[in-house]
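Everything numeric in this text was worked out from a predicted model, so none of it was measured. Excluded from the calculations below are hydrogen atoms, water molecules and symmetry mates; all remaining heavy atoms, backbone and side chain alike, are included. Residue numbers start from 1 in every chain, and the chains themselves are labelled A, B, ... in the order their sequence lines are given, proteins ahead of strands.
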Amino acid sequence: MTSAPRQVELRFNPVEIDRKWQERWEKDNLYRVEDRDSRPKWYDLTMYPYPSGDLHIGHWYAMAPSDCHARFRRMQGYNVLHPIGFDAFGLPAENAAISRGIHPYSWTMSNIENMRAQLRSIGAIYDWDREVICCLPEYYHWNQWFFLKFLEKGLAYRAKAPVVWCPSCQTVLANEQVLNGSCERCDAIVTRRDLEQWFLKITDYADELLDFGRLVEWPEKILMMQRNWVGRSEGVEISFDISHNGLEEKDIRTFTTRIDTIFGVTFLVLAPEHPLVPQLTTDGQREQVEDYVNQARQTSEIDRLSTDKEKTGVPLGSYAVNRLNGERIPIYTADYVLTTYGTGAVMGVPAHDERDYDFARKYGLSVRTVIAPVEWDGKEPTEAFLGSGFMTNSGKYDGMTDDEGVAAISADVERNSWGSRTTSYRLRDWLISRQRYWGTPIPIIYCATCGAVPVPEEDLPVLLPEDAEFKPTGESPLADHKAFLNTICPRCQGPGRRETDTMDTFIDSSWYFLRYISPGFDKGAYDPELLKQWLPVDQYTGGAEHAVMHLLYARFFIKAMRDMGMLDFDEPFLRLFNQGVILGSDHEKMSKSRGNVVNPDDVVGVMGADAVRCFLMFIGPWDQGGPWSDVGINGVARWLNRVWALVERNPDDLASGETDPQVVRDTLRVLHQTVRKCHGDLDRFKFNTAIAALMELVNHLSKVWAEASVDPENWRECIEKFLLMLAPIAPHISEELWERTGHPYSVHSQGFPEWDESLAADETITLVVQVNGKVRDRIEVPAGIDEPTAHQLGLYFANVAP
RNA sequence: GCCGAAGUGGCGGAAUGGUAGACGCGCCGGUCUCAAAAACCGGUGGGAGCAAUCCCGUGUCGGUUCGAAUCCGACCUUCGGCACCA
């Protein structure tokens, strides 16, 4: 992309002004955040970026408006913490190491170096002394410490879990490395493999994560997504009798939310991975079942979860007994049932469940209606009936509504000890093991006699060895590194072997906002006194793509820490706001292949940081995102140019004109309305309308100047307040103009202007009086008029009898 | 399939029950200039009219209301998220 054409001839040198003030602010430590401060604190946090190497215009879109908000809070008299750091562990660094032979550390740190400079060009109030980089030992030390604490508390455990495995590369793949069931590097068909891995018990907090009561302001949309993600459903765990098989296990446990349909069960389905599958398979079926189970292993989870795919399954050859009616029902295995949800077994009720219906039709299983729709004709249904109705074919429960049936059958099931009412969650425990080099080593030592032994706290951090080999074989560099691998068991002093898996990077982002409080603190993850002072985060902003995982993990972390007595609040982020996505000027998502990527450095180097900041905020509502426009940015550049010219005028030139009291009143009204509008809009992230209001004020002042109908004092007041309102939006140019108008440094240390309601609120509106759609009259009424008064006035003016 | 958000000039958008189109882009006309750019001034939803003015107009169709872009119902389209959850 070539640099954007500048079609505006500026009266000032924006690049020079950016440089001048960025240097001055840094020299004076203007934005250093002091912990000791009498002002109330405000923690305005933006999601920290991954150091990909280049600051994208999308980063600007996330950071410039959030900086504006932080600056606004600062001018409102808060001691604002608005920090920045880098989410520096992760896959891309490792890929760069493999493909280009650069060590992940050097790759990451040089990217950070580059991005720091680019971030500075935004002109944000970042206090760089608080920068957090989570790939450094001084940070990941505490990841390891948290892990040990979770382990102590019983919130971390080890279990087998499947990973995606490429048989040709001999390596574990991330989901994003699998394309249509094949490895992205070698095209081999991927399979799944069970590995011992570490989990954190987020499911212990499932119910509390659904309680959003302590959040002050989160988008309803995000709450909905989290609710669905946790996926709480209440039902009954009901067991089916298999004691006639002579196995140790006498029951198949299934979970259902529709226990009222228990008399409609015509088959059972076990997930292919279900432990009872081999035992319940008869010899005649064994070959077929084993083939099917192997095939299900090969099938990627995504394919297995696809609704388009036709249902498949295989009968095991054995049967179970439905204890409520004594019926024998066949047992199948089918991949539409997942081990990870409920009990991994499902009672098949084809008449009242779509998947079961499809399955039953395909395999010729009977379909028995047990909930009768209101106008049921008694015929076999042609699709699953999911609605409400009356129970039928259900013995003594016939005639009840489905709700009554749920209550009655649940009670009977519990009385007979056939099962119990339970709650099931879609949420799974958090798998934190990654078979990668570039992450936090999990501080565990395996010993032949002692088992998995935690590394003692005083031995932390377990350092990532710097001299790992990155070979394209797919071998984990840690598993290969003898010096790292071989160690001594801390318990018995015998030979030990280190855990070679590293942690998920979501661990880093689950507490990085605590580290900003005391980034250099070496006696713990954070200074507890300062934590009390700064946390929780008052306002969090970032992309909606982190709606579930990151935000749920961080909420879980804080709740677990609270229960371990480390802190005393319940939620990390009180308010949340999600910005939208910045699109290319072709209204499409920016991508290198489309060639619509905007490089912010090019634009800033010509237009200056303030023009880019203003344009990004002016495009439209921040949460909606919008298209970049090389042409549109000229609009705000032109406006800043007009602002410059306006502010440079000598107010004393107005002394010769004749002051018009009406114009003075109007001008003050516009001024105070603008202040009020900016206050409300900047508070609620409505930057586009705040800027529009400032533009209107400028337009008004230009007109007033031409008429010379206000006195110099009015003019000075307007300009001063205008510059203060502009300061959080365009910090460089407003600082420059603040100085040029003879004000003491710095505009950013001033308070945001206040408005006088009496000067702002003399608006009237035109009320259109209509009778049956015909306009009878138009009347001027006060804007704050209430409904009944308006109605009365209307009747009076329209000359209509009430 | 389910859930959510949104549909307004040539374009980005404003107005959340009170004169639709603020603000900006673009475009048109003018001033300045040898000329152009920039800057400044004016105009700019569609249609009719010399004009004052009138008619139509916020995805589509209905409804509520004195009055609807805004509230309600159905449908269409686009975008985002989730998905065999038993």
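B:rU70 and B:rA15 have their C1' atoms separated by 9 Å, given to the nearest Å. Comparing B:rG59 with B:rU8, their P atoms are spaced 6 Å from each other, to the whole Å. B:rC27 and B:rG80 have their P atoms separated by 31 Å, given to the nearest Å. Taking the C1' atom of each, B:rC79 and B:rG29 are spaced 40 Å apart, rounded to whole Å. Comparing the P positions of B:rG13 and B:rC84 gives an interatomic distance of 34 Å, to the nearest angstrom.
Distance from the side chain of A:D335 is smallest for B:rC84 among the nucleotides B:rC23, B:rA83, B:rC84. Closest to the side chain of A:N228, from the set B:rC84, B:rC3, B:rA39, is B:rC3. Taking only side-chain atoms of A:M224, from C-beta outward, the nucleotide of B:rG4, B:rC11, B:rA14 with the closest atom is B:rG4. Of all nucleotides listed (B:rG12, B:rA39, B:rC40), B:rG12 comes nearest to the side chain of A:P627. The A:R642 side chain lies nearest to B:rC40 when the options are B:rA86, B:rC40, B:rA38. Looking at the side chain of A:L338, the nearest of the listed nucleotides B:rC23, B:rC11, B:rC84 is B:rC84. For A:V631, taking side-chain heavy atoms from C-beta onward, the closest of the listed nucleotides B:rG26, B:rG13, B:rG24 is B:rG26. Side chain of A:R426, nearest nucleotide from B:rA83, B:rC84, B:rG26: B:rA83. Checking B:rA83, B:rG80, B:rA39 against every side-chain atom of A:K589, the shortest atom distance belongs to B:rG80. Distances from the side chain of A:M695 to the nucleotides B:rA14, B:rG24, B:rA86 place B:rG24 closest.
Across all strands shown, the partner of B:rU31 is B:rA39, judged by Watson-Crick or G-U wobble contacts whose two distances both fall under 3.5 Å. With both pairing distances under 3.5 Å, B:rA15 is matched to nothing as a Watson-Crick or G-U wobble pair. In a base pair of the Watson-Crick type (N1 to N3 plus N6-O4 or O6-N4) or a G-U wobble (N1-O2 and O6-N3), with each distance short of 3.5 Å, B:rG26 is matched with B:rU44. Base pairing of B:rG1: its partner is B:rC82, meeting the Watson-Crick or G-U wobble criterion (both donor-acceptor distances under 3.5 Å). B:rA74 is paired with B:rU60 under the criterion used here, namely a Watson-Crick or G-U wobble arrangement in which both key atom distances are under 3.5 Å. Summarising the base pairing, B:rA69 is matched to no nucleotide, lacking a Watson-Crick or G-U wobble pair whose two defining distances lie under 3.5 Å. With a cut-off of 3.5 Å on both Watson-Crick or G-U wobble distances, the partner of B:rA20 is given as none.
Residue-level contact check: A:N699 touches the backbone only, with heavy atoms under 4.0 Å from sugar-phosphate atoms and none from bases. In this structure, A:H352 reaches neither bases nor backbone, as no heavy-atom distance under 4.0 Å exists between it and the strands shown. Using a 4.0 Å heavy-atom cutoff across all strands shown, A:N688 reaches sugar-phosphate atoms only and no base atom. Residue contacts for A:R11: at a heavy-atom cut-off of 4.0 Å it reaches the sugar-phosphate backbone alone, with no base atom in range.
The two residues A:A62 and A:Q579 make their nearest non-hydrogen contact at CB-NE2, 3.2 Å. Residues A:K201 and A:F556 come closest through the heavy atom pair O-CE1, 3.7 Å.
Using a 4.5 Å cut-off on side-chain heavy atoms (C-beta onward), A:R361 and A:V367 make contact.
Aromatic ring centres of A:F267 and A:F359: separated by under 6.0 Å. Checked against the 6.0 Å centroid criterion, the rings of A:W430 and A:F199 do not qualify as a close aromatic pair.
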query = Under the side-chain hydrogen bond (donor to acceptor under 3.5 Å, both in side chains) criterion, do A:Y540 and A:N578 qualify, and how do the steps go?
reply = CA-CA 8 Å; A:Y540 199 21; A:N578 298 112; over 6 Å; no

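For A:K221 and B:rC3, a side-chain-to-base donor-acceptor distance below 3.5 Å is absent, hydrogens and geometry of angles not being considered.
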